[in-house]
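The next block holds one structure in the form of structure tokens; read it before the comments.
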Amino acid sequence: MFWLSLCFCLTVYRFDYKPKKVKVELDKKAKKRKYEYGDDEDEEDVKHKKKSKDKKAAEGKKAKKEGEDKWKWWEEERYTDGSKWRFLEHKGPVFAPAYEPLPEKVKFYYNGKPMKLSAPAEEVATFFAKMLDHEYTTKDIFRKNFYKDWRKEMTSEEKSIITDLKKCDFSEMNEYFKAQSEARKQMSKEEKQKIKEENERLLSEYGFCIMDNHRERIGNFRIEPPGLFRGRGDHPKMGMLKRRIRPEDVIINCSKDSKHPKPPPGTKWKEVRHDNKVTWLASWTENIQGSIKYIMLNPSSRIKGEKDWQKYETARRLKKCVDRIRTQYREDWKSKEMRIRQRAVALYFIDKLALRAGNEKEEGETADTVGCCSLRVEHIKLFPKMDEQEYVVEFDFLGKDSIRYYNKIPVEKRVFKNLQLFLENKQPEDDLFDRLNTSILNKHLQELMDGLTAKVFRTYNASITLQQQLKELTCCDDSIPAKLLSYNRANRAVAILCNHQRAPPKTFEKSMQNLQTKVKAVEVKRKAVQRIEEQLMKLQMQATDREENKQIALGTSKLNYLDPRISVAWCKKWGVPIEKIYNKTQREKFAWAIDMAEKEF
DNA sequence: TGCAAGACTTGTCACTAAACTC
DNA sequence: GAGTTTAGTGACAAGTCTTGCA
């Protein structure tokens, strides 16, 4: 609750960090770490120190290597003609392995009697059997959709016998798969190593492409295997069969003068095209929603990095004109035209509450979720007075991924009056903003600032919140663990603002308990060794961090909303190693920012 | 001009490799 | 060194926004 109220008190907007190009001196940092430990050295300490020293030295070396021989695409000129590349060569996607029929001894039972299924019907049955322990298989829609699609794979004889899903017994198949997974865990070191090596071979062969003279990592080079569709929330299509993708379904995109990828023997591609106005390497149409899926590059690639950088630059440009935009929409609350009032109130919510735009969705095709423009009357309640506060709006709706957004927020009188007006003579299922949609809103935003769309507000407000919170929470005398707690608290404020929730981890209670036990155990030894004192502090920070993080997902905001230069600058200013904030993958993604940022932003 | 298709970003979750503990 | 915990990663669903066409 504290964080919830905190984030809505975030009314101070600053966004004044500036990128500067400075080399990251990771090797120096590694040297400095040597002096981080206390003076008293008993035998245990010496051992511990040596271990730590070796580890840190190795980390330092690794970090140094990471910094070296990396291509600094951000120092090069960008294409200005709308093309994304000049040369693109890759080996095509990796297909899902062919179906392996079940051993004879593993049986499917119908109405208590064993029944041998044809290969296509058996394969689909295994998809269901694998999910037997999951809640999905108890849901009516899931079962109905699965059964309908499963029947399509059956022979006419099978169809005539299998007429009721309730009479199907998949338990033996389920046990077989569990045993297989158990056997995988019990494999010897050598066997595991062999699999690892095979995966690495596959990665080096298919996981990279050549784009404009550089070897770039591909994000997802494996085609999604067949299975049962797991929609989120109350998805009307959950349980439907996601069919197997064959080379004949796949469009390859590469440059004309490259060595074209070869389809698997005896097959051919749907098409090979050479479109350098797009970034994808391969695509296919999936059968559930009929949408296109793509194979694209990893976030560390130039093509993704440039776009990411550009996104934060747009957010930064918004900083310069956000006051003007705010003045304008406040003015528009008074407009004579309903459409302008609606637009202004919606924009106020997007800005203040970091709501998503809310595109229209096809009814019955997906779960019933909404964003700002698609809010319905039933999603808000108005309270002229509530707990000492005036003009309170209560929001309660399912947003992206069917995550509930619930919030009570006092608004300005004029907004409140407008909302009352919008609700007049409407039914609960009617649109709150019936004169507005995302394209109208974005068209308007585009007129206010070049490149401005609704989602820029989310990026902008997330970054500005991080910056302001870091400033407020960081004390220069704090230890590194304390500073890291401050960082995570600032990150958390952003996650709360953006409503990034997660289900509490299944092992949360247990691990929390363990952590508390450890804290207690360490407390007893406190006076004995200084090193243990440090450990205690670290654990305490970790415990607080985890407790506060119980239902908050930090990753998304860190990866997608927070201008990395703020974090890098903070690390530099307070001497916090960048590795404590960003892991290797994230450091690769944000290499451009790490290279640019200085102590002051 | 409106709408559907296409392209790309954002988001959560499950699996697994690595780190930690005993 | 085995068992346990944690962090990192990949999978893939679900959004946003742009583009192209009737």
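Per chain, numbering begins at 1; letters A, B, ... match sequence-line order.
- Nucleic acid contact class of A:G231 (heavy atoms, under 4.0 Å, all strands): sugar-phosphate only.
- The distance between the ring centers of A:F349 and A:F395 falls below 6.0 angstrom.
- Within 4.0 Å (heavy atoms only), A:A454 reaches sugar-phosphate atoms of the nucleic acid but no base atom.
- Look at CZ on A:R232: it is 11 Å from P on C:dC12, rounded to the nearest Å.
- No salt bridge links A:K242 with A:E286; every basic N to acidic carboxylate O contact stays at or beyond 4.0 Å.
- Of the side-chain N and O atoms in A:N442, none sit less than 4.0 angstrom from OP1 or OP2 of C:dT16.
- Residue-level contact check: A:G219 touches neither bases nor backbone, having no heavy atom under 4.0 Å from any strand.
- Residue A:N359 places no side-chain N or O under 4.0 Å from the OP1 or OP2 atom of C:dG15.
- Distances shown here put every side-chain N or O of A:R230 at or beyond 4.0 Å from the OP1 or OP2 atom of B:dA14.
- Figure legend: cation-pi geometry between A:R302 and A:W85 absent, as NZ or CZ is not positioned both under 6.0 Å from the six-membered ring centre and within 45° of its axis.
- In this structure, A:S283 does not reach the B:dA7 phosphate: none of its side-chain N or O atoms is under 4.0 Å from OP1 or OP2.
- A:D308 comes within 4.0 angstrom of no nucleic acid atom, judged by non-hydrogen atoms across all strands.
- Put simply, A:T453 has a side-chain N or O that comes within less than 4.0 Å of OP1 or OP2 on C:dC17.
- No hydrogens or angles were tested; on distance alone, nothing pairs the side chain of A:K455 with the base of B:dT10 as donor and acceptor under 3.5 Å.
- The residue A:N560 sits close only to the backbone: its heavy atoms come under 4.0 Å of sugar-phosphate atoms, none of a base.
- Between A:T585 and C:dT9, a side-chain N or O to OP1/OP2 separation shorter than 4.0 Å is present.
- Side-chain N/O atoms of A:H500 include one lying less than 4.0 angstrom from OP1 or OP2 on B:dG11.
- Between A:F229 and A:H235, the angle of the ring planes goes over 60°, which puts this pair in the perpendicular group of the 30/60° scheme.
- At a non-hydrogen distance threshold of 4.0 Å, A:V278, A:T279 from residues 272-279 of chain A come into contact with DNA chain B.
- Contact of the A:I245 side chain with the A:R243 side chain is registered, since non-hydrogen atoms from C-beta on lie closer than 4.5 Å.
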